[in-house]
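Reviewing the structure listed below.
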Amino acid sequence: MESDLEDTMNALFNDHPELFWVNTAYKYAVDSNNVVHKIQLNFGISESDFTNVQASYENAVKTIVSEAAAYSSAVDREKYIYDKICSMNTYNECSAMNQSAYSALTSGSSVCAGYARAFQIACLQSGIPCYYVTGTSRGQNHAWNIVQIDGKYYNVDLTWDDCLSETLGYNSYYYFNKNDLEFSLDHSRSALSSQLVSCVD
């Protein structure tokens, strides 16, 4: 049914950051009974560029994961990934493919979706469970992550911490590994992301 399509597609994109080459915008056709019969996906790169772009993406992820592996604890690996992605990027709404992990991993600039998806894929490949979260923050649509560290779940928001770091001149961890109560001051989950785990101390 059409009413289920949005959640299904969002769940697909939210759970699979490796699908960076598929744009999150799509078209679909329904019949008179509101049943979806056709979905048309859009792609962020051409077929001729795919091999090189895929290699750049995979090399970037592999490098971060390899460097993070030097740390024995999950929280230290997580913090390394957090710092690395922030140090690689500047927030830029005009960056190409900015809804994908590819932008934050290869271009040097992205938006919240790119930061969060890059963090998600690097954490997952480093053995750290990580979810992509959507909602609102500071009056606008926003994306961040939930991670599982030592059996507990925490919210993390690379985007706002990176913006703070650039303003302050040193690394900010104001939005690093916080519970839901702390995040509720300026973050609100979407209906879909509200189905994810709670983050409590």
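With sequence neighbours excluded, the residues forming a side-chain contact (heavy atoms from CB on, under 4.5 Å) with Y170 are L168, listed by chain and number. Residues satisfying the side-chain contact (heavy atoms from CB on, under 4.5 Å) criterion with S165, sequence neighbours excluded, are N171, S172. Under the side-chain contact (heavy atoms from CB on, under 4.5 Å) criterion, S73 pairs with V75, D76, not counting sequence neighbours.
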message = Quick one, Y26 with N42, criterion side-chain hydrogen bond (donor to acceptor under 3.5 Å, both in side chains). Give me CA distance, side-chain angles, the key distance, then yes/no.
response = CA-CA 6 Å; Y26 56 90; N42 296 307; over 6 Å; no
query = What's the verdict on side chain to side chain contact (heavy atoms under 4.5 Å, CB included) for Q148 and I128, showing C-alpha distance, side-chain angles and the deciding distance?
reply = CA-CA 6 Å; Q148 183 187 35; I128 300 169; 5.9 Å; no
task = Could you walk me through whether D31 and V36 pass side chain to side chain contact (heavy atoms under 4.5 Å, CB included), step by step?
result = CA-CA 7 Å; D31 63 18; V36 177; over 6 Å; no
request  = Please test Q125 against V61 for side chain to side chain contact (heavy atoms under 4.5 Å, CB included), starting from the C-alpha separation and ending with a verdict.
outcome  = CA-CA 8 Å; Q125 291 198 15; V61 175; 3.4 Å; yes
Worked verdict on N155 versus E182 for side chain to side chain contact (heavy atoms under 4.5 Å, CB included) = CA-CA 9 Å; N155 293 285; E182 293 167 309; over 6 Å; no
key: Audit row: Y91, N98, side-chain hydrogen bond (donor to acceptor under 3.5 Å, both in side chains) steps and yes/no   = CA-CA 10 Å; Y91 186 88; N98 63 23; over 6 Å; no
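The minimum heavy-atom distance between C199 and K178, with the atom names listed, is CB-O, 4.2 Å. When all heavy atoms of A104 and G114 are compared, the closest pair comes out as CB-O, 3.4 Å. Looking at every heavy atom in both residues, W160 comes nearest to S137 through NE1-OG, 2.9 Å. The minimum heavy-atom distance linking G44 with M97 is given by the pair O-SD, 3.8 Å. For the pair R189 and S198, the tightest heavy-atom approach, listed with the atom from each and the gap, is NH2-CA, 4.1 Å. Heavy atoms only, all atoms of each residue included: T134 and S193 are closest at N-OG, 2.9 Å.
By the criterion of side-chain heavy atoms lying less than 4.5 angstrom apart, applied directly or through intervening Ile, Leu, Val, Met, Phe, Trp or Tyr residues, F119 is grouped together with Y153 in one hydrophobic cluster. Taking hydrophobic clusters as Ile, Leu, Val, Met, Phe, Trp and Tyr residues chained together by side-chain heavy-atom distances below 4.5 Å, L196 shares a cluster with I149. Hydrophobic clustering (side-chain heavy atoms under 4.5 Å, transitive across Ile, Leu, Val, Met, Phe, Trp, Tyr) keeps V147 apart from Y71. Using a 4.5 Å cut-off between side-chain heavy atoms of Ile, Leu, Val, Met, Phe, Trp and Tyr, with links allowed through other members, F43 and L105 fall into the same hydrophobic cluster. V197 is not connected to Y132 by any chain of hydrophobic side-chain contacts under 4.5 Å among Ile, Leu, Val, Met, Phe, Trp and Tyr, and they are in different clusters.
Distance CD/Q195 to OG/S190: 8.5 Å, rounded to 0.5 Å. Between L158 atom CG and I85 atom CD1 the span is 6.0 Å, to the nearest 0.5 Å. Annotation: the span from Q120 atom CD to Y131 atom OH amounts to 10.0 Å, rounded to 0.5 Å. Remark: N145 CG to C123 SG distance equals 7.0 Å, nearest 0.5 Å.
Side chains of D180 and H187: no donor on one and acceptor on the other come within 3.5 Å. No side-chain donor-acceptor contact under 3.5 Å links N179 and Y154. Side-chain atoms of E78 and N177 include a donor-acceptor pair closer than 3.5 Å. No side-chain donor from either of N59 and S56 sits under 3.5 Å from a side-chain acceptor of the other. In summary, the side chains of W144 and T159 do not present any donor paired with an acceptor at a separation below 3.5 Å, with no hydrogens or angles considered.
Within the 4.5 Å cutoff, the side chain of I81 has heavy atoms near those of the S126 side chain. Counting only heavy atoms from C-beta outward, the side chains of I39 and M9 approach each other to under 4.5 Å. Between H142 and D157 the shortest side-chain heavy-atom distance falls below 4.5 Å.
Judged by distance alone, the side chain of N33 and the main-chain N or O of V35 form no donor-acceptor pair under 3.5 Å. Of the possible polar contacts, none joining the S66 side chain to the T63 backbone as a donor-acceptor pair under 3.5 Å is found. Judged purely by atom type and a 3.5 angstrom limit, T136 has no side-chain atom pairing as donor or acceptor with the backbone of G139.
Each side-chain hydrogen bond (donor to acceptor under 3.5 Å, both in side chains) pair with one or both residues in residues 100-109, not counting sequence neighbours, appears once here: S103-S110. Residue pairs meeting the side-chain hydrogen bond (donor to acceptor under 3.5 Å, both in side chains) criterion with at least one member in residues 79-90, sequence neighbours excluded, are E67-Y80, K79-D83, K79-Y173, Y82-D161, D83-Y173, T90-E166.
Other residues, nucleotides and ligands place more than 12 heavy atoms under 6.0 Å from the CD atom of Q140. Residue-environment remark: CZ (F183) exceeds the threshold of 12 foreign heavy atoms within 6.0 Å.
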All N/O donor-acceptor pairs, side-chain side in residues 12-24, below 3.5 Å, sequence neighbours left out:
residue	atom	partner	partner atom	Å
N14	ND2	N10	O	3.3
H16	ND1	E18	OE2	2.8

